[in-house]
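All chains are named by letter (A, B, ...) in the order of the sequence lines, taking the proteins before the strands, and each is independently numbered beginning at 1.
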Number of protein chains: 4
Amino acid sequence: MPKIVDREKKRVEIAQKAIEVLAKRGFQATTIQDIADAASLGKGTIYHYFKTKEEILWAVSEQMFRETERSLGAALLKINEPMDKLVALIEEALHITEELEHIFIIYSELWLMTVRGEQTGDFVNVLRRLQNDMTNLVASMIREGKKQGLWPGDTDADALAGYLASSFDGVFAHYMIDKENFDIKRVTNEFIKFLIKQSAPKND
Amino acid sequence: MPKIVDREKKRVEIAQKAIEVLAKRGFQATTIQDIADAASLGKGTIYHYFKTKEEILWAVSEQMFRETERSLGAALLKINEPMDKLVALIEEALHITEELEHIFIIYSELWLMTVRGEQTGDFVNVLRRLQNDMTNLVASMIREGKKQGLWPGDTDADALAGYLASSFDGVFAHYMIDKENFDIKRVTNEFIKFLIKQSAPKND
Amino acid sequence: MPKIVDREKKRVEIAQKAIEVLAKRGFQATTIQDIADAASLGKGTIYHYFKTKEEILWAVSEQMFRETERSLGAALLKINEPMDKLVALIEEALHITEELEHIFIIYSELWLMTVRGEQTGDFVNVLRRLQNDMTNLVASMIREGKKQGLWPGDTDADALAGYLASSFDGVFAHYMIDKENFDIKRVTNEFIKFLIKQSAPKND
Amino acid sequence: MPKIVDREKKRVEIAQKAIEVLAKRGFQATTIQDIADAASLGKGTIYHYFKTKEEILWAVSEQMFRETERSLGAALLKINEPMDKLVALIEEALHITEELEHIFIIYSELWLMTVRGEQTGDFVNVLRRLQNDMTNLVASMIREGKKQGLWPGDTDADALAGYLASSFDGVFAHYMIDKENFDIKRVTNEFIKFLIKQSAPKND
DNA sequence: TATGAATGAGCTTTCATTCAT
DNA sequence: AATGAATGAAAGCTCATTCAT
């Protein structure tokens with residue numbers, strides 16, 4: 001039993017160290033040696049914890065997923081007003097950190113592997129869960145907003161949430177290609193303004 | 001005299017054939033042999049037209065860029081009303097075809113290579129031009145809409161356009177991961193409804 | 001008949017042009033395209049005159065041989081005194097020209113191919129003929145010198161000639177490796193002084 | 001723990017094995033597979049010890065240089081008389097062994113690569129050091145001989161040594177092309193006789 | 001006759017994976 | 001458990017040679 005815990009703990013440790021190199025070089029270009037170096041282990045040792053290189057990516061993706069969920073949840077716990085929550089969520093989702101950039105790059109690579117259907121594991125589930133989590137979060141806010149009369153009653157909450165949640169990734173991607181010119185703050189704020197006008201309109 | 005070949009034309013042909021395999025397997029995983037097979041040519045023949053594997057990707061990206069620009073332009077020529085134009089643009093941008101899926105996948109890989117800084121060519125320019133083209137198109141529609149009073153005067157056209165143009169990619173990406181459940185039509189329509197409400201609200 | 005002459009003439013032309021590139025890059029590293037370019041011909045055309053790449057080298061070596069023989073002969077025709085002849089020969093053999101450097105490099109490559117036994121043709125004969133020609137020339141001078149009493153009677157003319165003829169190549173090779181420091185004139189002159197002392201000593 | 005391997009020792013071992021194949025086929029024509037076979041290793045293993053194929057040649061040349069220096073030095077340690085030393089040196093330099101033939105062939109290829117300027121390393125230094133070592137050795141003997149009155153006082157020791165040292169290579173090369181007819185012993189002896197007459201002449 | 005487009009064998013090099021220690 | 005030496009499959013790329021025009 002303690003053995004197994006140790007094993008799992010070490011897998012997590014290795015995966016953690018792997019994230020950085022993977023984001024920097026990509027999965028294909030990252031060698032087992034790179035990962036071993038990052039984890040300060042011998043190349044052979046990695047194979048005591050992972051059967052193949054791809055298995056490392058599975059572990060990495062799982063871990064990233066858990067961390068992303070946790071940080072999303074944490075950001076929203078403390079807020080009550082649905083509208084404020086939505087704004088907070090957007091701001092959180094589009095708040096750039098170097099760590100997040102790494103993770104976003106790896107997600108993108110998982111996305112690519114998935115749409116190409118080349119993976120043996122099921123990254124697709126990680127990505128869909130993530131997508132659904134985010135969409136449901138947004139949808140629940142919109143629904144709550146509708147209930148409180150802050151949002152038009154005929155809004156298709158799921159569809160709009162689908163659009164919003166998706167758009168975050170697009171904004172992030174555009175920002176990363178053109179950091180100097182793409183002012184993510186300004187873009188986000190303008191969009192929030194747009195949302196809010198929409199949400200609390202016509203008390204006519 | 002050997003067969004006279006228009007080298008540039010042949011390059012385009014090869015690049016065209018390459019798009020499909022590249023989208024399917026990705027640049028790194030696609031071998032020259034794959035591309036040669038797709039073009040029904042010998043491996044060596046490819047090297048008559050491209051000095052390196054990466055040069056193929058350059059040609060492919062240039063070609064994709066030109067085609068994307070052309071199809072965008074064509075879609076918008078026939079419409080006059082700015083609001084209708086915007087709707088048409090969104091519908092065009094999010095109109096799925098197998099061809100477009102291929103292209104989107106390759107763009108995504110170019111994106112990845114760029115953010116990792118691993119490429120020697122300047123894919124970044126292809127991507128930025130594309131991004132800017134789209135953004136400027138949207139912004140010009142919004143500005144025109146503002147002039148005609150169809151859109152609130154305090155809108156930051158560039159910022160909002162930045163958001164919209166970016167969001168297309170996110171929506172596309174989410175759709176491709178979950179084609180069965182992500183109803184792109186419904187999502188798009190809901191968003192358009194949202195946009196339009198926003199645009200012509202207030203002479204109440 | 002005229003056809004054949006033309007063919008042979010063109011072979012010679014091509015071989016002539018080939019010499020320069022071959023000396024510059026070596027046989028292995030020189031591509032047929034290089035040779036075609038040097039001859040201002042299409043790559044395919046070369047194959048109308050030579051069946052294989054190695055056949056070009058055969059032609060080149062034959063031609064170099066003929067030219068070398070001719071220039072050696074010419075240099076010696078006009079001199080009568082055997083001692084002067086020998087000195088003249090040494091000076092001629094060690095007289096550096098860029099053309100000669102090229103030729104020497106190709107001979108060296110032929111030598112290498114021969115000692116490795118990798119060639120299908122018989123470069124060995126070209127090299128031996130050359131070696132023998134030179135040796136016999138020197139030997140005949142020594143013998144003549146012996147007859148005229150200018151040289152000790154117990155000299156083994158062939159053996160000494162073998163040494164002298166061989167030494168030219170070594171001197172040339174050393175010079176080419178260290179052109180700045182290896183003063184070929186000074187070295188040659190010192191050796192000639194040494195030879196002459198030897199040849200006309202004993203007024204006993 | 002894996003087998004502990006002295007990397008430097010293994011490099012030397014591989015280089016040692018490589019010498020034979022390199023001499024047989026030449027650097028360009030020798031494949032990594034050839035070298036791996038000669039060393040009874042897998043192709044990939046070679047790359048644990050050498051980053052590139054050329055690096056193998058560097059190691060080989062360094063090693064050859066060291067061995068050559070050592071064997072030259074050893075041959076001369078035990079002799080005191082300068083004249084005897086010179087004779088011993090000549091005999092050593094022109095003493096044929098199969099090992100030495102291999103080494104001479106590789107030196108010749110290094111020479112070719114150098115005069116063509118195609119190498120990235122500095123083989124030229126290996127060759128020049130060798131050349132200089134040999135020349136200085138000979139020159140010091142001549143100088144000593146001059147001091148002891150065994151050699152004419154007006155001899156330019158360096159120049160003559162340059163000639164002698166160079167000639168060894170030429171003799172070797174001629175021998176290797178025509179082993180049956182070129183009697184290296186006879187040629188050498190004749191030349192030594194010639195040298196000695198010169199050195200201790202005038203007791204008249 | 002002259003050409004260069006087409007080809008694939010064969011090269012160097014990389015790297016996931018295995019395994020003896 | 002930990003290691004890195006060993007391996008060979010597989011990749012990109014070159015080039016002598018062929019051949020249709």
Side-chain angles (χ1 to χ4, degrees), chain A residues 3 6-7 10 27-37 39-56, chain B residues 1-7 10 14 27-36 39-56, chain C residues 3 6-7 10 27-37 39-56, chain D residues 1-7 10 14 27-36 39-56:
Chain A
K3 283 291 169 188
D6 281 1
R7 235 184 118 72
K10 193 109 184 191
F27 179 64
Q28 302 232 39
T30 298
T31 66
I32 294 287
Q33 187 67 65
D34 289 334
I35 293 171
D37 290 348
S40 301
L41 287 171
K43 192 164 33 132
T45 311
I46 301 293
Y47 281 87
H48 280 282
Y49 297 96
F50 300 95
K51 262 205 294 297
T52 65
K53 192 185 168 190
E54 187 154 15
E55 209 179 282
I56 301 174
Chain B
M1 291 277 182
K3 208 181 341 175
I4 292 296
V5 170
D6 180 338
R7 288 180 74 83
K10 190 112 186 192
I14 294 173
F27 179 65
Q28 305 226 42
T30 299
T31 66
I32 295 289
Q33 188 66 65
D34 290 333
I35 292 171
S40 301
L41 287 171
K43 185 159 45 100
T45 310
I46 301 296
Y47 284 90
H48 273 280
Y49 298 96
F50 300 95
K51 262 205 294 295
T52 64
K53 191 185 170 192
E54 188 156 13
E55 209 179 281
I56 301 175
Chain C
K3 283 291 170 189
D6 281 3
R7 232 184 121 73
K10 193 108 183 191
F27 180 64
Q28 302 231 37
T30 299
T31 66
I32 294 286
Q33 186 67 64
D34 290 333
I35 294 170
D37 290 348
S40 303
L41 287 173
K43 192 163 32 129
T45 310
I46 301 294
Y47 280 87
H48 280 280
Y49 297 95
F50 301 95
K51 261 205 297 295
T52 64
K53 191 186 169 190
E54 187 154 16
E55 211 180 279
I56 300 174
Chain D
M1 291 281 184
K3 209 179 345 174
I4 292 297
V5 170
D6 181 335
R7 286 179 75 84
K10 190 113 186 192
I14 294 173
F27 180 64
Q28 304 226 43
T30 299
T31 66
I32 294 289
Q33 187 66 64
D34 291 334
I35 294 170
S40 302
L41 286 172
K43 187 159 42 103
T45 310
I46 302 297
Y47 282 90
H48 273 280
Y49 298 96
F50 300 95
K51 264 205 292 293
T52 63
K53 191 185 169 190
E54 188 154 14
E55 208 179 283
I56 300 175

- Under 4.0 Å: is that the gap between some side-chain N or O of B:Arg7 and OP1 or OP2 of E:dG4? no

- Find out whether B:Lys53 and B:Phe27 are in side-chain contact, i.e. whether some heavy atom of one side chain is under 4.5 Å from a heavy atom of the other. yes

- Item | Rounded distance [0.5 Å steps], NE2 in C:His48 versus CZ in C:Arg7 | 9.0 Å

- Query: If you round to the nearest 0.5 Å, how far is CD1 of B:Ile46 from CD1 of B:Ile35?
  - Reply: 7.0 Å

- Message: Run the side-chain hydrogen bond (donor to acceptor under 3.5 Å, both in side chains) test against A:Gln33 and tell me which residues pass, sequence neighbours left out.
- Response: A:Asp37

- Quick one: list whatever passes side-chain hydrogen bond (donor to acceptor under 3.5 Å, both in side chains) with A:Gln28, sequence neighbours left out. none

How close or far is atom [atom2] of [N] from atom [atom1] of [X], stated in whole angstroms?
X: D:Leu41; N: F:dA5; atom1: CG; atom2: P; value: 13 Å
X: C:Ile46; N: E:dA2; atom1: CD1; atom2: C1'; value: 11 Å
X: B:Ile14; N: E:dT7; atom1: CD1; atom2: P; value: 10 Å
X: B:Phe50; N: E:dA6; atom1: CZ; atom2: P; value: 12 Å

- Message: Please classify the nucleic acid contact of C:Tyr49 as base, sugar-phosphate, or nothing, using heavy-atom distances under 4.0 Å.
- Response: sugar-phosphate

- What residues, two or more places apart in sequence or in another chain, satisfy salt bridge (charged side-chain N to carboxylate O under 4.0 Å, His left out) together with A:Asp34? A:Arg25

- Residue list, side chain to side chain contact (heavy atoms under 4.5 Å, CB included) with B:Tyr47, at least two apart or on another chain: B:Ile32

- Each nucleotide of nucleotides 11-17 of chain E classed B (base within 4.0 Å of a protein heavy atom), S (only sugar-phosphate) or -, in 5' to 3' order, makes SSBBSSB

- Message: Dot-bracket, 5' to 3', for DNA chain F please: Watson-Crick or G-U pairs under 3.5 Å, [ ] where pairs cross earlier ones, | where the partner sits on another strand, dots elsewhere.
- Response: .||||||||||||||||||||

- From CA spacing to verdict: side chain to side chain contact (heavy atoms under 4.5 Å, CB included), A:Thr45, A:Lys10: CA-CA 11 Å; A:Thr45 311; A:Lys10 193 109 184 191; 5.6 Å; no

